[in-house]
Amino acid sequence: MDEHESPELTEDEKQLFADLMPEDLTEIMDKGVNRRHFLKLMTLAGGGILAAQSAVAEQVLTRSSSETLPTELVPDSLENAVTVACKVNGKARTFTIDSRMTLLDTLRERLDLTGSKKGCDHGQCGACTVIVNGSRVLSCLTLAASCAGKTVQTIEGLAQGNRLHPMQEAFLKHDGFQCGFCTPGQICSAVALLDEAKKGHASYVTGNLRPPVGPVKLSNEEIRERMSGNICRCGAYPNIVAAIQEVHSGQSVEQVFRSV
């Protein structure tokens with residue numbers, strides 16, 4: 001569908017808007033459903049008002065984003081537009097965004113990489129952690145424009161085809177997640193953590209800081225300290241530590257629920 005073409009509404013959808021949003025019906029018929037209409041319908045759904053029209057409402061709420069996004073979000077009309085070129089999960093990507101747009105929103109809304117989650121949106125939970133130029137960053141606090149010319153790796157880019165990354169396999173083996181919301185950030189943080197340890201980066205609990213001793217051997221205490229920025233509301237911390245320890249040591253670690 002052309003971006004300026006109004007989507008065709010079914011008779012049931014027209015009746016839905018006539019019943020619930022009569023003041024907007026003329027605009028909807030002329031220009032189609034825009035973001036304001038979409039959010040208004042979402043509000044009605046959240047209030048339980050759409051019970052009788054749930055099937056029809058679902059048709060509208062699940063329309064593709066090209067049919068619901070307003071024209072003011074088209075990159076060409078952005079007031080603070082910048083064009084960013086970087087490499088995301090091994091592929092060169094170029095996109096035009098608002099200069100104030102975060103890396104997290106860019107990944108999710110522009111590149112359709114929704115694995116990175118928006119938890120607190122304040123840099124406190126770690127659910128949005130991704131890897132930029134080999135270092136873990138909180139993508140909700142990172143401007144996408146600052147990633148120009150850099151490499152970005154998200155949870156979607158860790159596996160090689162159908163073969164999971166060793167850290168992903170370890171998380172599965174050790175049940176390192178329950179609801180899974182924080183898991184993409186946990187895994188990205190764990191992968192970068194191992195690289196930091198190989199480079200000899202110290203943490204708060206590292207014993208001997210001088211002279212440099214090369215790669216740091218990670219104890220469970222080291223892992224817990226280095227992963228402390230990633231919060232798991234389900235409390236899967238022992239399983240997460242076991243998964244990271246197994247990948248780090250290269251030796252099988254007994255599954256926590258079996259040892260208990």
Side-chain angles (χ1 to χ4, degrees), residues 42 45-46 48 58 61-62 88-89 102-109 111-132 135-142 152-197 203-205 217-260:
M42 285 287 288
E58 184 179 2
L61 295 176
T62 55
V88 181
N89 294 332
T102 65
L103 176 59
L104 176 61
D105 287 339
T106 301
L107 291 171
R108 293 180 58 82
E109 298 176 13
L111 303 184
D112 200 26
L113 296 172
T114 56
S116 304
K117 297 298 187 287
K118 180 177 287 191
C120 65
D121 206 24
H122 286 76
Q124 297 178 342
C125 72
C128 68
T129 304
V130 299
I131 304 171
V132 177
S135 299
R136 46 185 167 163
V137 303
L138 297 168
S139 60
C140 75
L141 298 183
T142 303
V152 179
Q153 190 172 34
T154 71
I155 189 68
E156 292 91 345
L158 292 180
Q160 298 295 322
N162 293 326
R163 184 175 181 180
L164 295 178
H165 188 280
M167 191 64 72
Q168 293 173 307
E169 293 180 339
F171 265 66
L172 287 171
K173 173 184 174 181
H174 290 277
D175 290 333
F177 53 88
Q178 289 184 39
C179 77
F181 190 85
C182 73
T183 305
Q186 296 274 6
I187 292 178
C188 285
S189 188
V191 170
L193 178 157
L194 296 186
D195 287 337
E196 293 167 7
S203 78
Y204 178 76
V205 299
K217 185 176 181 180
L218 298 178
S219 63
N220 287 350
E221 184 183 17
E222 279 275 10
I223 293 174
R224 285 193 291 268
E225 168 62 25
R226 293 168 185 261
M227 289 292 293
S228 60
N230 290 81
I231 308 301
C232 174
R233 292 187 63 183
C234 299
Y237 298 117
N239 310 55
I240 292 170
V241 172
I244 298 173
Q245 187 63 260
E246 181 163 307
V247 179
H248 170 64
S249 65
Q251 300 176 355
S252 180
V253 174
E254 186 176 8
Q255 291 165 301
V256 174
F257 65 89
R258 294 187 184 278
S259 62
V260 172

* To do: Check the side chains of Gln251 and Ser249 for a donor-acceptor pair under 3.5 angstrom, ignoring hydrogens and angles.
  => no

* To do: May I ask you to say whether Glu169 pairs ionically with Lys173, meaning some side-chain N is under 4.0 Å from a carboxylate O?
  => no

* Nearest heavy-atom neighbours spanning Leu194 and Val247 -> CD1-CG1, 3.5 Å

* To do: Could you please spell out the steps behind the side-chain contact (heavy atoms from CB on, under 4.5 Å) verdict for Gln124 and Ile231?
  => CA-CA 8 Å; Gln124 297 178 342; Ile231 308 301; over 6 Å; no

* **Euclidean distance, Ile223 CD1 relative to Ser203 OG, rounded to 0.5 Å** => 10.5 Å

* Can you name the nearest heavy-atom pair linking Glu225 to Val205, along with the distance? -> CB-CG2, 3.9 Å

* pair Phe177-Leu172: side-chain heavy atoms closer than 4.5 Å -> yes

* To do: May I ask you to decide if Leu218's main-chain N or O and Gln245's side chain share a donor-acceptor pair within less than 3.5 Å?
  => yes

* Please check if the side chain of Gln153 supplies one atom and the backbone of Ile131 the other of a donor-acceptor pair under 3.5 Å. => no

* For Cys232 and Tyr237, work out which heavy atoms get closest and say how close. => N-OH, 2.9 Å

* Any sub-3.5 Å donor-acceptor pair from Asp195's side-chain atoms to Ser135's backbone N or O? -> no

* Could you tell me whether the side chain of His165 and the main chain of Met167 form a donor-acceptor pair under 3.5 Å? => yes

* Asked: How long is the gap from CD1 on Ile244 to CZ on Arg224, to the nearest 0.5 Å?
  -> 11.0 Å

* Structure fact -> In this structure, OG1 of Thr102 is separated from NZ of Lys118 (nearest 0.5 Å) by 5.5 Å

* Side chains of Thr183 and Ile155 in contact at under 4.5 Å (non-hydrogen atoms) -> no

* Please step through side-chain contact (heavy atoms from CB on, under 4.5 Å) for the pair Leu107 and Val88, ending with a clear verdict. => CA-CA 9 Å; Leu107 291 171; Val88 181; 4.3 Å; yes

* **Side-chain heavy atoms of Thr142 within contact of Val130, under 4.5 Å** => no

* Main-chain N/O of Ile187 paired with Gln168 side-chain donor or acceptor, under 3.5 Å -> no

* Between the side chain of Gln178 and the main-chain N/O of Cys234, is any donor-acceptor distance below 3.5 Å? -> yes

* To do: Check the pair Cys182 / Lys117 against side-chain contact (heavy atoms from CB on, under 4.5 Å), numbers first and verdict last.
  => CA-CA 7 Å; Cys182 73; Lys117 297 298 187 287; over 6 Å; no

* For Pro184 and Gly180, work out which heavy atoms get closest and say how close. => CD-O, 3.5 Å

* Asked: Can you check whether Leu104 reaches Cys140 side chain to side chain, under 4.5 Å on heavy atoms?
  -> yes

* Exercise: identify the closest heavy-atom pair between Ala127 and Gly119 -> CB-N, 4.4 Å

* Less than 4.5 Å apart, any side-chain heavy atom of Thr129 and any of Leu138? -> yes

* Structure fact -> Separation between OG1 (Thr106) and CG (Leu111), nearest 0.5 Å, reads 7.0 Å

* To do: Hey, could you give me the SG/NE2 distance between Cys128 and His122, rounded to the nearest 0.5 Å?
  => 12.0 Å

* Asn230 side-chain N/O to Gly185 backbone N/O, donor-acceptor pair under 3.5 Å -> yes

* To do: Answer yes or no: is there a donor N or O on one side and an acceptor on the other, between the side chain of Arg108 and the main chain of Ser116, under 3.5 Å?
  => yes

* Measuring from Glu221:CD to Arg226:CZ, what's the distance to the nearest 0.5 Å? -> 11.0 Å

